[in-house]
Amino acid sequence: MKIFKYLTTSLFVILAFSGCVKDADYSTPIVDCSEPSIMVTNTISQVKDMYTFGGATKIETDVVIEGYVVSSDKSGNIYKSLSIQDKPENPTVAIKISIDRTDIYTTYNVGRKIYIKLKGLAVGYSFGSVQIGLAKDTDLGRIPSTEVDKYIFRSCEVAEIVPKKVTINELDKSMLEILVEIENVQFKANEIGNPYANVDNTTTVNRVLENFNSSCNLLDEVIVRNSGFSDFKNQLLPEGKGSVVAIFSNYYDDYQLYLRDTDDVKFSEPRCDYSNALQPNITIAEVAEMYTGNLFEFGVGNNYVIEGYLVSSDENGNFKERIVIQDEIKNPTSGIQLLIENENIFEHYNIGDKVFVKLDKLYMTKENGALTLGYAKGSSVKEINEEEVDKFIYNSGERFIIVPTEIIVSDIQNPAFQNTLVKVLDVQLVETELQSAFAFFSGTNDGTRTLESCNEPTKLSVFTDGDANFANELFPTGHGSIVGVLNNHLEIRSIDDVIFNEAFEVCPIIVPKIMITEVADPKNSVSSRFVELFNAGETAIDLSGWKLNKYLNGSTSVSGSGVNLTGLTIPVGGFVIIANTGYLEIFNSIPTLESNYISGNGDDVYELIDNTGATIDIYGVIGEDGNGTNWEYLDGQAVRNLDVLEPNPIFTFGEWTVYSNATNNLINYQNTPKNAPNDYNPNYR
């Protein structure tokens with residue numbers, strides 16, 4: 001009995017002594033502890049304020065702070081850092097301490113109160129947040145493992161940490177490194193079935209957490225950043241909805257959460273369905289009305305959400321890095337295009353999928369005539385970054401059969417059909433393009449083919465990407481219908497969209513007689529200069545692919561890219577007025593096309609070319625400066641004589657009557673300036 005009593009007493013003494021040993025193994029219960037005698041001098045907030053921009057700020061005075069540990073590197077997801085906050089419950093501030101040590105949790109467990117003596121350490125800016133570490137020149141480095149005990153001291157107090165409950169949209173920089181809890185969250189639908197990180201390597205992977213209200217309306221989302229070294233990286237993301245506890249951190253302006261362990265993910269509720277989560281509050285047609293010709297910014301506070309049905313597919317190589325959606329599955333009224341930096345988009349978004357698009361932070365303009373959404377790039381838009389596409393486009397998981405709207409060639413200029421899926425009836429290749437490929441029989445250049453309906457002036461251009469898997473195949477040579485998405489041209493999804501089951505028809509030849517009938521340079525208004533075109537033929541003419549070019553001051557090269565006349569059809573006996581930006585104000589009449597390209601000041605040439613690049617009509621002599629010539633129209637006008645009934649690709653002075661402010665006896669009427677509007681009669685011959 002004496003021996004047993006002695007052993008028991010000895011064991012108690014050993015345990016009591018080991019409980020006070022610094023940095024003990026905390027799997028052993030601590031029976032006794034001595035609180036360090038340390039005087040706190042500053043708050044965490046005051047220390048963060050010590051940082052001055054420009055490099056790590058070394059602390060040279062006896063500054064001491066205290067805080068409660070909220071991070072843990074036990075699972076391997078948090079690396080060589082320690083996050084502390086000022087209070088175990090309802091914290092107001094926190095900070096990260098950079099330490100060159102692993103298994104930090106064995107010494108500084110969650111809830112442990114610690115003291116940090118900052119003299120000799122530094123506060124610095126690292127990846128967008130103020131942190132504590134060791135100054136290395138102007139940078140902030142980690143505190144060496146061998147020196148940690150000089151600066152960080154454990155209290156005997158271990159408090160229960162109560163996570164701060166927030167919603168994602170409440171997160172801001174004041175909460176960095178605080179332990180937060182976010183309720184009513186789930187991982188994005190397209191990530192379900194994936195692990196937390198990459199099972200094949202140690203690359204860090206971002207997963208997206210979505211926050212909902214009680215009605216399953218989507219509020220916001222945030223990144224959950226998972227290390228490829230974490231011991232839970234192979235676990236599949238949970239499928240339900242619930243709450244997440246995590247360290248709130250950032251990478252510059254990108255907010256992100258770090259899990260301490262998957263025990264902090266508690267999903268026990270059913271997921272929210274996107275059809276309930278995202279409530280459309282504006283139509284595609286209403287969005288289209290917002291576009292007034294300049295880059296449109298949706299901002300960040302409007303919370304616009306549109307819904308639409310996918311009508312494009314990049315599976316066969318067309319529609320590269322973009323999708324097109326329309327507002328209905330049948331008889332749509334509007335559509336819009338989105339640029340996205342993804343390959344194989346069809347693997348995520350298929351024809352007929354109902355999708356929702358959040359417009360905040362996006363921009364809108366027209367690209368090649370198509371109303372387009374994307375990121376800003378100068379005055380245009382570019383693709384949404386691949387890793388951020390899911391922040392804007394949500395697939396509802398519902399798929400519908402899209403019914404193309406049946407139209408004829410003359411309907412293609414109707415804006416109601418733009419960016420929608422149409423079926424153009426009664427068309428065939430123009431005869432000059434028979435036996436052509438969709439693009440080219442060799443190479444990867446993009447190509448277009450021209451379709452027509454006999455006795456219709458309008459032509460339909462069909463675009464094929466040079467990388468499409470059918471780009472080098474023969475375009476069908478029969479007659480029938482074609483399905484595709486319509487904008488400046490028609491773009492098909494696959495070769496099956498061409499349904500030419502009937503024999504080719506030989507169409508009567510139409511010779512266009514589009515003439516330049518007036519060139520105007522009003523003396524009193526340079527901004528109301530204009531050029532008048534007239535159709536002297538017997539058939540309306542589609543001007544798609546036609547251009548009006550200008551040659552300045554005797555140049556032999558076209559100035560700029562000319563005025564594109566695509567989209568215009570000029571009827572028999574009809575006019576087209578192409579005018580500078582002040583025409584409307586002076587003439588109180590809207591021109592057919594408005595462009596500051598129309599700036600000829602008496603010595604400049606205008607040339608009309610068709611969609612093959614051939615010169616149809618011309619005013620002036622290319623390579624000749626008009627000053628002092630018989631066609632000088634300075635401050636005046638040149639009018640086509642009424643007995644001229646067809647265009648002439650070679651300038652012939654006898655076909656014109658010229659009025660000019662110049663003293664020039666070569667012209668018809670010298671010293672005869674013209675003032676707008678009274679001295680002109682546009683749209684009249």
Side-chain angles (χ1 to χ4, degrees), residues 217-218 274-313 319 322-340 349-376 379-381 384 389 392-396 398-408 410-424 460 483-491 493 566-567 590:
N217 293 324
L218 183 64
Y274 283 140
S275 61
N276 296 321
L278 288 164
Q279 293 297 322
N281 52 26
I282 190 169
T283 66
I284 297 176
E286 289 170 334
V287 168
E289 289 177 358
M290 295 178 177
Y291 180 70
T292 58
N294 298 312
L295 185 70
F296 183 87
E297 180 180 12
F298 288 100
V300 294
N302 292 310
N303 298 316
Y304 289 133
V305 177
I306 58 174
E307 71 175 4
Y309 302 88
L310 205 71
V311 294
S312 62
S313 173
F319 298 98
R322 55 201 164 91
I323 63 172
V324 182
I325 62 173
Q326 62 184 42
D327 58 2
E328 301 288 347
I329 61 174
K330 184 178 182 181
N331 298 322
T333 62
S334 192
I336 201 163
Q337 170 176 266
L338 292 95
L339 304 184
I340 58 179
Y349 307 100
N350 280 282
I351 296 171
D353 283 353
K354 181 179 180 180
V355 299
F356 302 95
V357 182
K358 294 180 68 175
L359 300 181
D360 277 16
K361 300 183 181 180
L362 293 183
Y363 294 78
M364 176 171 62
T365 190
K366 279 194 174 181
E367 294 287 334
N368 297 319
L371 198 63
T372 304
L373 299 172
Y375 280 173
S379 60
S380 61
V381 296
I384 301 169
V389 169
F392 300 97
I393 308 173
Y394 300 80
N395 197 327
S396 72
E398 299 178 89
R399 187 170 297 167
F400 300 84
I401 296 175
I402 305 296
V403 180
T405 304
E406 292 189 352
I407 65 172
I408 58 176
S410 59
D411 293 325
I412 65 175
Q413 303 303 331
N414 187 333
F417 299 129
Q418 297 298 299
N419 274 326
T420 69
L421 190 69
V422 299
K423 182 177 184 180
V424 189
L460 174 64
V483 174
V485 176
L486 184 66
N487 41 64
N488 267 359
H489 45 237
L490 190 78
E491 188 167 359
R493 289 86 50 88
T566 295
I590 300 174

By ring-ring contact (aromatic ring centres under 6.0 Å, His included), which residues pair with [X], not counting sequence neighbours?
| X | answer |
| --- | --- |
| F296 | F298 |
| Y375 | F392 |
| F400 | Y309 |

According to side-chain contact (heavy atoms from CB on, under 4.5 Å), who are the partners of [X], at least two apart in sequence or on a separate chain?
| X | result |
| --- | --- |
| A288 | S334, L371 |
| K330 | V403 |
| N302 | Y304, D360 |
| Q413 | S544 |

*Residue list, salt bridge (charged side-chain N to carboxylate O under 4.0 Å, His left out) with E307, at least two apart or on another chain*: K354
*Tell me, please, which residues at least two apart from E491 pass salt bridge (charged side-chain N to carboxylate O under 4.0 Å, His left out).*
R322
_If the condition is side chain to side chain donor-acceptor pair (under 3.5 Å), which residues does D327 pass it with, not counting sequence neighbours?_
T333
_Residues in side chain to side chain donor-acceptor pair (under 3.5 Å) contact with D353, at least two apart in sequence or another chain_ = N395, R399
_Pairs involving residues 290-305, ordered by first then second residue, that meet salt bridge (Lys or Arg N to Asp or Glu O under 4.0 Å) (sequence neighbours left out)_ = none
